[in-house]
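Could you have a look at this structure, given as structure tokens, before my questions?
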Amino acid sequence: MTDSTWRDTLRALPVFTEDLPTFDTDAAPESPISLFEEWLSAAIGADVAQPHAMTLATASPDGTPAARTLILKDVTDEGLWFSSLDTSPKGRDLAANPRAALALYWREQGRQIRVTGSIEKGPREVSEKDFLARKPAARAAAIAGPESEVLSSQQKFLERVEEAKAILDFRPDFVPDEWTAYLVKPQSIEFWQAARDRDQIRLRYLRGASGWHKNLLWP
Ligand SMILES: Cc1cc2nc3c(=O)[nH]c(=O)nc-3n(C[C@H](O)[C@H](O)[C@H](O)COP(=O)(O)O)c2cc1C
């Protein structure tokens, strides 16, 4: 397919087709975490597909960016949590440059949330609890081999998963040291609401010395 055919095909795709929720920014709470929880509850209530899937962007020390999808594991007053191996490329980025951006997109509701902030490793017991709550296959996959390194064959992976399962059968409480619960402490959170007529609404919270400041942004 040529570039121009793709352009026409893509242009013909609808972006927002559903009934979209309203966003009363005058009624927005003082804390963006409260609004995040409101929107997350609404997304879950509206059966949004995988509302806990989010994009995490990191940057290496030389400024090379990388983005990947992760699962949101928790929301607390401190911020948003995800889990990963700290030996992975993202873990190495975060060790060198403990700042990140998150983006969540809930297409059924025409909603986007963008977060920037600093990253901290959570307490060890949070990481352990998180790992032990994973399904056996997910635990085995996490310890089967070095994440994101070159793999010689899929068969090799399957063999290593079987070995990992045997280890976990023998030691069901095993948690690899590398498994890490990360906390994103927000510096800014932007809530973006689409409307079918393209009247987008953007509300950004910025953390200041005395608390959160919120402002509308030009769409
Ligand atoms: C829906 C979805 C959820 C995912 N959840 C996680 C997760 O919670 N933690 C994680 O480390 N990787 C998760 N992954 C895999 C990551 O996207 C990524 O492939 C992996 O962590 C390696 O990333 P890195 O090489 O940038 O470190 C998920 C992928 C998808 C598509």
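Counting convention: from 1, in listed order, for ligands and their atoms alike.
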Thr69, any N or O under 3.5 Å of ligand 1 N or O: yes
Check: Ile143 and Phe131 side chains under 4.5 Å, non-hydrogen atoms: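 Yes; the side chains approach each other to less than 4.5 Å.
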Are the aromatic ring centres of Trp39 and Phe23 under 6.0 angstrom apart? yes
Is Trp179 in polar range of ligand 1, meaning some N or O pair under 3.5 Å apart?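 Trp179 vs ligand 1: no N/O contact under 3.5 Å.
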Starting from atom 19 (O) of ligand 1, what is the nearest protein heavy atom, named by residue and atom, and what distance separates them? Arg68 CB, 4.9 Å
Flag, side chain of Arg68 to backbone of Leu56, donor-acceptor distance under 3.5 Å: yes
I'd like to know if the side chain of Trp106 and the backbone of Pro51 have a donor-acceptor N/O pair within less than 3.5 Å. yes
Among all protein heavy atoms, pick the one closest to atom 13 (C) of ligand 1 and tell me residue, atom and distance. Leu70 CD2, 3.5 Å
Polar contact flag, side-chain donor to acceptor under 3.5 angstrom, Thr76-Trp81: yes
Identity and separation of the nearest protein heavy atom to atom 23 (O) of ligand 1: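 Closest protein heavy atom to atom 23 (O) of ligand 1: Lys90 NZ, 3.3 Å.
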If you measure from each non-hydrogen atom of Lys73 to ligand 1, which part falls under 4.0 Å: side chain, backbone, both or neither? neither
Near Ser83, which atoms of ligand 1 are under 4.0 Å from a heavy atom of that residue? 7 (C), 8 (O), 9 (N), 10 (C), 11 (O)
Please check if any side-chain donor atom of Ser188 sits under 3.5 Å from a side-chain acceptor atom of Thr116, or the reverse. yes
Using the ring centroid of each side chain, check whether Phe191 and Tyr205 are separated by less than 6.0 Å. yes
Atom 3 (C) of ligand 1: which protein heavy atom is closest, and how many Å away?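 For atom 3 (C) of ligand 1, the nearest protein heavy atom comes out as Ile71 CG1, 3.7 Å.
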Which atoms of ligand 1 have any heavy atom of Ser84 under 4.0 Å away? 10 (C), 11 (O)
Location of contacts on Ala53 toward ligand 1, heavy atoms closer than 4.0 Å: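 Answer for Ala53: neither.
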Establish whether atom 21 (O) of ligand 1 and some protein heavy atom are separated by less than 4.0 angstrom. yes
Protein contact to atom 25 (O) of ligand 1 [nearest heavy atom, distance to 0.1 Å]: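 For this ligand atom, the closest protein heavy atom is Ser148 OG, 2.5 Å.
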Using a 4.0 Å heavy-atom cut-off, which part of Ala66 comes near ligand 1: side chain, backbone, both, or neither? neither
Got more than 12 heavy atoms from elsewhere within 6.0 Å of CZ, Arg207?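 Correct, the count exceeds 12.
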Donor + acceptor pair across side chains of Lys90, Ser84 (<3.5 Å): yes
